[in-house]
Amino acid sequence: MCGIVAYVGDRTAYPILIKGLQRLEYRGYDSAGIALMNGKTNIYKCKGKVKDLEHLVKDQDISGSVGMGHTRWATHGEPSDRNAHPHQSMNGKFIVIHNGIIENYAHLKKELTNRGYSFNSDTDTEVLANLIENVYLEQKVSAELAVRLALTRVVGAYGLVISSPEEPGMLIAARKGSPLVIGVGDKEYFLASDATPIIEYTDQVIYLNDEEVAVISRQGLDLKNIYNDTKTPEIKTINLSIENIDKGEYEHYMLKEIHEQSNSITETFRGRIAMDESKIFLGGILDVMHKLIDAKRIVIVACGTSWHAALVGEYLFEEYARIPVEVEYASEFRYRNPIVDKDDLVIAISQSGETADTLAAVRLVKDSGATILGICNVAGSSLSRETHAGVYTHAGIEIGVASTKAFTSQITVLTMMAFLLGNKRQVLPAADYKALIHELIQVPDKIAEILKEEKNIEKIASIYKDVTNALYLGRGILFPVALEGALKLKEISYIHAEGYPAAEMKHGPIALIDESLPVVVLAVQDRSYEKMVSNIQEVKARKGKVIAIVSKGDKVVKKMADQVIEIPNCHEALSPLLSVIPLQILSYHIAVMRGCNVDQPRNLAKSVTVE
Ligand code: F6R
């Protein structure tokens, strides 16, 4: 949450910052601001989006080849001009942009107030700016040392860029918990929360580690941790191109990403399935395979959509690898005293690899002896660095705030892992293993078929666009898909929606059903089909409206439902991958028809780096 971008070099900083902020806007869009250094410092900031900032700076001095920019997702203090970043310390010695939360800010603020400091905003970031300044002035140390000393007093998470007008031409970057990437050019450096603002300038990057502080100027880069130990920067090459972050012909990123799913799933299994379809290879977990084979239990931790993928994983691991699974909200798990030991396998799933709660859950079990795996979409992310091993989803960058292609790629990885472990543990016969792999590689073509149904789904969206509530029902492996369908609808269209296991309907939610309630049912040909038919009858008997996702050629549900969306027949294990696609499309069109900003829904941010 919050996007950070900064530049030091010979170019004019402003266009780099603005373009960078536009790319980072998915991380928060409550306010935007920039600081430009050109002998003097100009700070421009306002409530609203990057386009409001662009409007604000029209006819202003935007020169300078050192600068920083910020797009905010509000934590401390409402979205407003005064709470927008950058923040300046009281005596103007430091300018700070920040992604994260300073947890002990109230205590620090009190201390600084007692020392005569006053504050212009409600933010924790301004407290930090003043703390650094206080250390700088009282201890008469360099700006860099003041930053490091101040950070030893901070509890919480930060991705920071700091400049000191007294040492112009220099930026100080620091990180703990919130991501920060340094792009390395020729006598120029770029800083950003992710690599998207820098890819047209350089593919050489350094991912800052926790508690590291980098001092950057045209002359070079110095890296230390906050305790003054010198660190060697590890430069990596990133593989990301402009096309990956362009909307192309699509009106929204979300629609583009929905349509990318045949390809993104193909990317997820590219190079991981033998040509003769007899084997799955997952290179990232080879070294720990013996531990996975012997695991007594799997605990999966995740949040939001990734948690729904985890629930699908639970069905898959139990069914095909015969390993008991527990799925936990990372945010709950981290505050319990969970029982995890060396025979457990802990899997953390996160698109961004930066979700604060998921990372905290991983850290909590680090000393348990359990093997910890990450399933993650972002190479070099914190999760990929804090787990013993893992599998990248390779879905490609996901920019729409509502997760779509990352979800199906996560499920694809979990499916491959479950089949592979089933085979290695000798609980999945070789012939079944091969047959399942064969079914899996048909999925991209089947998704392409579903995507052709978009016009039909759009018509259904137009019928239900004005509803205030919706219910999603599924059973077995499709129950998590019901949850995901409901989440997609509520987060982008602001319609209240609930996902339920269909059999639970009688235990309460059935009271909601009347002629105004649309009920989306997942009624494909699987072991629960007959039971879903009964559930549909129960909804219809109470005059509910039924939108059914059915297998191609279905005749029974077709007669009962108000609308049906057909998906190709597939093996039950793979039905989540197909049945979620129409739900994503339905939510998308309903949200667009309601005039909602689907790519940047209110109050949300893509990467939840604060708890
Ligand atoms: C919903 C959505 C969120 C994320 C959740 C976890 O569409 O995107 O619910 O799934 O914030 O994020 P990651 O997967 O990055 O850990």
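Order of listing sets the numbers, starting from 1, for every ligand and every atom in it.
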Quiz prompt | Set of residues satisfying side chain to side chain contact (heavy atoms under 4.5 Å, CB included) with respect to Val378, sequence neighbours excluded | solution = Gln351, Ser381

Quiz item: Do Thr237 and Asp203 have side-chain N/O donor and acceptor atoms under 3.5 Å apart?
Solution: no

Quiz item: Could you give the distance from CE (Met593) to OH (Tyr464), rounded to the nearest 0.5 Å?
Solution: 13.0 Å

Exercise. For side chain to side chain contact (heavy atoms under 4.5 Å, CB included), just list the numbers for Val481 and Tyr472, CA-CA rounded to whole Å, side-chain angles, deciding distance to a tenth of an Å, and then say yes or no.
Key: CA-CA 9 Å; Val481 176; Tyr472 285 69; over 6 Å; no

Practice problem: Would you tell me whether Thr412 and Thr268 have side-chain atoms, one donor and one acceptor, within less than 3.5 Å of each other? | Solution: no

Practice problem: Could you check Glu260, Glu398, Glu257 and say which one makes a salt bridge (Lys or Arg N to Asp or Glu O under 4.0 Å) with Lys405? | Solution: Glu260

Quiz item: atom 12 (O) of ligand 1: which protein heavy atom is closest, and how many Å away?
Solution: Thr355 OG1, 3.4 Å

Quiz item: Between Gln22 and Lys51, does any side-chain donor sit less than 3.5 Å from a side-chain acceptor?
Solution: no

Quiz item: For ligand 1, is there an atom lying under 4.0 Å from some heavy atom of Val401?
Solution: yes

Quiz item: Is it true that Lys488 lies under 4.0 Å from ligand 1, counting heavy atoms only?
Solution: yes

Quiz item: With ring centroids as reference points, do Tyr329 and Trp307 lie under 6.0 angstrom apart?
Solution: yes

Quiz item: Can you tell me which residue and heavy atom of the protein come closest to atom 10 (O) of ligand 1, and the distance to 0.1 Å?
Solution: Thr305 N, 3.0 Å

Exercise. Using a strict 4.0 Å cut-off to heavy atoms of Gln351, name the atoms of ligand 1 that fall inside it.
Key: 13 (P), 14 (O), 15 (O), 16 (O)

Quiz prompt | For atom 5 (C) of ligand 1, closest protein heavy-atom neighbour | solution = Cys303 O, 3.7 Å

Quiz prompt | Residue Ser350 vicinity, atoms of ligand 1 by number, heavy atom under 4.0 Å | solution = 13 (P), 14 (O), 15 (O), 16 (O)

Practice problem: Provide, to 0.1 Å, the distance between atom 7 (O) of ligand 1 and the closest protein heavy atom, together with that atom's residue and name. | Solution: Glu491 OE2, 2.6 Å

Quiz item: Which protein non-hydrogen atom lies closest to atom 15 (O) of ligand 1, naming both residue and atom, and how far is it?
Solution: Ser352 OG, 2.7 Å

Quiz prompt | ligand 1 atoms in contact with Ala402 (distance to a heavy atom under 4.0 Å) | solution = 7 (O)

Quiz item: Starting from atom 11 (O) of ligand 1, which protein heavy atom do you reach first, and at what distance in Å?
Solution: Val608 CG2, 3.8 Å

Quiz item: Should Thr358 be counted as touching ligand 1, given the test is an N or O pair under 3.5 Å?
Solution: no

Self-check item: Element-labelled atoms of ligand 1 that are located less than 4.0 Å from some non-hydrogen atom of Ser306
Solution: 10 (O), 13 (P), 14 (O)

Practice problem: Give the numbers and elements of all ligand 1 atoms closer than 4.0 Å to a heavy atom of Gly304. | Solution: 9 (O), 10 (O)

Quiz item: Does Ser241 have any side chain to side chain contact (heavy atoms under 4.5 Å, CB included) partners at least two apart in sequence or in another chain, and if so, which?
Solution: Glu243, Asn244

